[in-house]
> 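Sharing a structure below in structure tokens format, with a few things to ask.
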Amino acid sequence: MIATAPTVPAATMSDAVFALTLALLLLAPMAIAGVTLVNTGLGRSRSAAQAMLGNLALVAVAAIVFTFIGGFFAGLPGSKEAIFSIAGKPWNVLGLGPFLLHGLGGAAPQSQLAVLFEFLAVAMLVQLPWGSGADRWRLAAGYGSAALLAAIVFPLAAHWVWTGGWLAALGENFSVGAGFLDAGGAATVHVLGGLSALAVVWIAGPRRGKFPKEGLSTAMPGHNAIYVLFGCLLALVGWVAWNLAGAIVWIHAPLSALPGTAINTLLSASGALAATFSVTRFRFGKPDASLCANGWLAGLVASSACAAFASPVGSLFVGGVAGVFTPLLVELLELALSVDDPTGAITVHGAAGLWGLIAAGFFAPQTGQLLAQLIGLAALLGFFFPLIYSLFALLNRFVPFRVDPDGERMGMDLHEIGGGAYPEFVIHRDESYR
Amino acid sequence: MKYAGLLVMPAGFFLTLAALALFPDPGRRIAFVLCGIAVESMGLVVAVRGHMPPKGASHQ
């Protein structure tokens, strides 16, 4: 049975809180800029321009598709919804918001901020698999994947988690904690991004020469550590803004909770960096810059889920755990499982996001919150990952993900956009990695 | 192998949904949800193994 009715009324918000949240959301794109630099810096120099253009173009594709299709299915707080009734309980599975965001200007301030947040979230989501497919994933296929994520996957997840869907209403309908909590987008952005990255890496395959017939995998270090580390600093600014805005928009946090949330975000990243620095120093004799960057980002990702609830020491712990498993999992994926993920998005966004969501279950004050977080985790792994893989595999039939061997040998810059990022420098060939 | 693993994962998700719909008491719910996640994890492991290149194989 399907019923359509608004179930969650749009919350009211004072002018001051509206202005503050809007200002925070205008800073949040710094996180997108940071991820762009990280994605570009961790790829090869001969694909840098294509990587940067791809990051920009994917954001554009996601924004356009979300306006035309995704925004309708994500719904707005207070808009109509598709609700199934099973075993006497309502299952709110799909938003039925205004078509083409019609009437957004006249909507409640809370709803307008929610839509802006969703636009930023979908923009970051589509960037995450792009980095993992670096040096072999074609632009056209990247556009296709961004369109699928923005039209189908993200709207479903955003509605389930944020705009009154069945996961958000777990507490109300099934007495499970306060419902699935994800104020900063750990699930809707980062875990989905990490799972999309895994799907892309599996479908496109590893870079040419990455896993030779004999011996260990070939090291292909990122071409610009400065881009990567500066991207991490930019990401911190964006992440703090993102977590504060998310706390206001999605869990209605009071203003007094915001300084603590910002401090927790910084502490989580710091704990993660310190842990990754120590682990790589112990394992390799010297700290590894790109893995430390991955650790810093993993700490930020973990904070997305729990910065609004955890204590400062708890945030350090959450970040520290993320910082310990990040270099180990990156190594395990590459050396033991032959997964070629140049930016480490599967670990940094997927695994750290999952860990943050579980940690939120421990730190949130409501009883039964851990169960709510586990149910959300089950939805991410058991529903969204097979959905993403199926959509991408289908897309790969019509728009092949992988560039042809000549293109990969030549470099994505020359092959796809006809010019390099660094025309005055010598570009390394494959043989230089041997 | 790779597709079998991906098909097993939704089975774990439906186990989780069944726990919500069928069991009001928290103990059974937690047990079923954990079973569901365990099934999903097994599916993921199968999918990972299915996507690993055979020994001696090389991409180009």
Side-chain angles (χ1 to χ4, degrees), chain A residues 86-89 91 136 166-167 170 173-177 195 198-199 201-215 218 333 336-340 358 367-368 370-390 393 402 404-405 408-409 430, chain B:
Chain A
I86 301 173
K89 299 281 186 185
W91 294 77
R136 76 273 202 206
W166 69 274
L167 278 174
L170 278 176
N173 295 333
F174 299 96
S175 308
V176 183
L195 295 175
L198 181 58
V201 165
W202 275 349
I203 292 169
R207 285 171 288 180
R208 180 175 172 270
K210 178 67 185 174
F211 300 113
K213 279 180 186 168
E214 293 92 18
T218 310
L333 286 173
L337 304 178
S338 302
V339 170
D340 182 16
I358 293 170
T367 50
L370 182 60
L371 178 60
Q373 299 302 103
L374 289 175
I375 292 168
L377 190 147
L380 290 166
L381 287 179
F383 177 78
F384 283 106
F385 181 54
L387 175 68
I388 291 167
Y389 187 94
S390 312
R402 196 183 179 93
D404 59 58
E408 201 177 352
R409 203 171 290 118
D430 275 346
Chain B
M1 276 281 277
K2 58 177 91 166
Y3 299 115
L6 290 163
L7 286 173
V8 168
M9 294 177 80
F13 173 57
F14 289 123
L15 206 55
T16 306
L17 292 185
L20 272 178
L22 298 177
F23 303 121
D25 85 286
R28 283 187 186 181
R29 256 188 195 168
I30 290 173
F32 258 71
V33 168
L34 289 176
C35 286
I37 292 173
V39 170
E40 290 177 359
S41 305
M42 283 191 287
L44 185 61
V45 168
V46 173
V48 167
R49 290 190 65 87
H51 281 87
M52 282 174 66
K55 281 190 176 177
S58 170
H59 276 262
Q60 290 90 32

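A, B, ... follow the sequence lines: proteins, then strands. Residue 1 opens every chain. For the numbers below, each heavy atom of this structure counts, side chains included, while hydrogens, waters and symmetry mates do not.
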> Which bit of Ala336(A) is near chain B, if near means a heavy-atom gap under 4.5 Å: side chain, backbone, both or neither?
backbone
> Taking only distance into account, with no hydrogens and no angle test, what donor-acceptor pairs under 3.5 Å do side-chain atoms of residues 39-52 of chain B form with protein atoms, sequence neighbours excluded?
from, atom 1, to, atom 2, distance (Å)
Glu40(B), OE2, Gly382(A), N, 3.4
Glu40(B), OE2, Phe13(B), N, 3.2
Ser41(B), OG, Ile37(B), O, 2.8
His51(B), ND1, Ala47(B), O, 2.8
His51(B), NE2, Tyr389(A), OH, 2.7

> Mind checking side chain to side chain contact (heavy atoms under 4.5 Å, CB included) for Ile358(A) and listing every partner two or more places apart, or none if nothing turns up?
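By the side chain to side chain contact (heavy atoms under 4.5 Å, CB included) rule, Ile358(A) matches Phe362(A), Leu370(A), Leu377(A).
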> Going by heavy atoms in the side chains, are Leu20(B) and Asn173(A) under 4.5 Å from each other?
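Leu20(B) does not reach Asn173(A) side chain to side chain.
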> Test of understanding: with side chain to side chain contact (heavy atoms under 4.5 Å, CB included), list the residues that count as partners of Leu7(B), not counting sequence neighbours.
none
> Is it the side chain or the backbone of Ile375(A) that comes within 4.5 Å of chain B heavy atoms, both, or neither?
both
> Examine whether an atom of Phe14(B) lies under 4.5 Å from a heavy atom of chain A, and if so say whether it belongs to the side chain, the backbone or both; otherwise answer neither.
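Looking at Phe14(B), nothing touches chain A.
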> In residues 21-29 of chain B, which residues are in contact with chain A at a heavy-atom separation under 4.5 Å?
Ala21(B), Arg29(B)
